[in-house]
Number of protein chains: 2
Amino acid sequence: MPQYWWVNHKQTWQQEIEGQYLWSPKINANGSRNEFYNNMRRGSPGDLVLSYADQHIGHVGRLAEFAFAAPKPEEFGTVGANWSRDGWLLPVYWTKLVPPIRPKDLIDRLRPLLPDRYSPFNPATARGNQGAYLAEISEPLFNVIVSSAAFDLALLARGGSNSLSYESVVEVIEDIIERKITDDLTLDDTVRKSLIDARRGQGVFRSNLEKLESACRLTGITNASLLKASHIKPWRACETAQERLDGMNGLLLTPDADHLFDRGFISFGDGGDVLVSTRVDREDLRRLGFDQLVFEATGLMEAPAGWRINGFLAGQRPYLDYHRQHVYLS
Amino acid sequence: MPQYWWVNHKQTWQQEIEGQYLWSPKINANGSRNEFYNNMRRGSPGDLVLSYADQHIGHVGRLAEFAFAAPKPEEFGTVGANWSRDGWLLPVYWTKLVPPIRPKDLIDRLRPLLPDRYSPFNPATARGNQGAYLAEISEPLFNVIVSSAAFDLALLARGGSNSLSYESVVEVIEDIIERKITDDLTLDDTVRKSLIDARRGQGVFRSNLEKLESACRLTGITNASLLKASHIKPWRACETAQERLDGMNGLLLTPDADHLFDRGFISFGDGGDVLVSTRVDREDLRRLGFDQLVFEATGLMEAPAGWRINGFLAGQRPYLDYHRQHVYLS
């Protein structure tokens with residue numbers, strides 16, 4: 001069952017529509033949590049969202065992926081300068097709503113359907129709530145809006161292209177960071193090369209990591225040709241060269257485990273307990289060969305013999321904390 | 001047990017030592033097979049190799065990876081212009097042998113140890129055989145050479161760095177190809193972007209592939225966020241834009257399956273039978289969750305219920321044929 005959302009774009013609505021995404025900071029400028037920003041992480045692929053800007057709903061979108069940690073898009077330029085650099089990026093396929101709908105015109109039908117708390121729309125003023133960004137709405141509310149207009153549902157369902165896949169979007173973000181590293185004249189050549197190699201889990205980063213970890217934490221495999229050097233705090237999210245090359249900021253994982261960890265479908269507690277997101281399908285985990293993760297997730301299966309993960313080193317824990325907070329899809 | 005090898009470098013010995021590899025064409029210029037080129041694919045990580053050039057053995061190497069299909073290194077320049085562009089690259093950690101050994105000086109001790117067929121060294125002339133490139137030798141022969149000199153065995157075993165990993169070497173090769181695509185003014189911008197996106201299994205290539213395949217052939221998983229778009233004939237080996245974007249030249253595979261397929265540890269027959277290389281460890285396959293592959297490899301395990309792979313489309317078969325010949329580690 002899809003969820004339904006309503007976004008009140010800020011000054012960057014054109015960038016978000018053209019760029020096929022939503023982006024928000026993770027927290028308020030004063031450091032406090034923000035329900036509307038947290039909603040970015042609650043959206044799932046397939047959810048539908050109404051785009052509200054300039055008093056009109058002009059687009060309907062389908063979430064293409066789960067949100068992931070990403071720096072503020074370059075194309076925002078100086079807009080939103082007060083927003084923190086660190087945020088959530090949510091890839092969305094947008095399609096036009098024709099004609100655009102002015103919710104004010106439908107206020108009598110909308111009023112009983114608007115949520116009591118965290119409403120995106122103020123029934124008293126018949127305008128979007130300034131403080132709201134991404135708000136959950138009910139299916140009936142969604143239907144009232146779209147039933148007065150037309151949009152290409154088939155195109156929306158199909159998505160048109162896969163340019164919004166996690167891999168594609170991350171590739172673009174990381175390419176930008178890599179170019180900055182390449183152009184950074186304060187770095188010496190060796191460091192520059194190490195930082196770029198670290199993006200793919202190679203070079204100095206992998207050597208540093210191999211001094212600390214020797215096997216995949218989930219499968220026990222020690223054969224280096226089957227192991228990926230995975231950053232715990234993602235390469236794109238690291239703030240210093242030290243973080244990008246720190247062996248403590250890595251795990252050796254087999255390709256499936258690396259993928260699940262990188263996408264936030266699994267994470268680890270400091271003591272070595274495995275966290276399995278409710279947003280990954282149990283049957284998929286079983287097909288991937290992770291019966292032990294199905295056990296962790298449900299408690300319904302018996303853990304395989306010898307299934308135990310060692311606790312993590314003190315130096316790994318701050319990175320794992322980041323992973324649990326910012327990558328893991330809790 | 002490691003195997004022992006002897007390479008007679010041609011004009012490119014300096015490039016091969018400095019670049020930390022061996023490279024050979026796959027076949028002779030006249031199209032016939034060549035035992036010494038085929039040996040490139042018989043080497044395994046950990047094997048030891050003697051480097052013979054200019055009548056001296058000046059280096060000892062340890063194979064860092066299995067050989068893989070790679071174009072002729074750029075740094076060969078115009079040397080070896082008669083060699084085909086398409087060849088095998090074998091990453092090798094080299095370390096100096098001090099002093100260099102002249103086999104001619106040891107000919108009496110070497111003569112009884114040289115192989116009868118495909119010998120790298122001619123006992124009559126006491127010179128390297130012109131026609132030989134990579135030749136297998138016995139451990140005693142290897143020991144006769146190295147026992148008269150010194151080399152840093154610990155460094156050789158450790159390898160010094162992981163800059164020779166499959167991933168690192170392929171990344172360098174593919175970066176060169178990507179730069180050529182970027183600089184190719186005959187391509188229009190859309191095609192150029194598609195070709196570069198295809199390197200990571202994204203964009204038009206993935207869309208084309210998704211019209212033909214909908215699930216991982218090995219696990220049955222259909223969840224797109226767990227599937228990689230893998231080229232059958234590797235992106236770096238494709239000769240035309242059409243091959244790089246052809247949906248027929250791809251499979252959707254989960255990350256482990258993608259990795260095994262990409263590294264040549266598994267392949268497929270046209271009818272859908274799975275080929276499992278003898279060079280992948282059975283216990284590793286089991287830990288990766290591929291009990292069914294252990295079955296395919298040994299016949300000793302029962303195939304899981306429902307384990308069946310559909311045959312491939314006519315358009316996929318030429319690419320699979322390439323994979324079996326040039327990627328699969330038979």
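A, B, ... follow the sequence lines: proteins, then strands. Residue 1 opens every chain. All heavy atoms count here, side chains included; hydrogens, waters and symmetry mates do not.
- Without hydrogens or angle criteria, A:His259 side chain to B:Lys228 main chain gives no donor-acceptor distance under 3.5 Å.
- Look at B:Glu171 and A:Arg200 and you find a salt bridge, because one of the NZ, NE, NH1 or NH2 atoms lies within 4.0 Å of a carboxylate O, short of that distance.
- For chain B, the option among A:Leu288, A:Asp284, A:Leu260 with the highest count of heavy-atom pairs below 4.5 Å is A:Asp284.
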**Report entry** side chain to side chain contact (heavy atoms under 4.5 Å, CB included) between A:Phe66 and B:Ser225, worked out
**Finding:** CA-CA 10 Å; A:Phe66 297 107; B:Ser225 75; 5.6 Å; no
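- Atom CG of A:Leu226 and atom CG of B:Leu285 lie 8.0 Å apart (nearest 0.5 Å).
- With values rounded to the nearest 0.5 angstrom, B:Arg287 atom CZ is found 12.0 Å from A:Leu218 atom CG.
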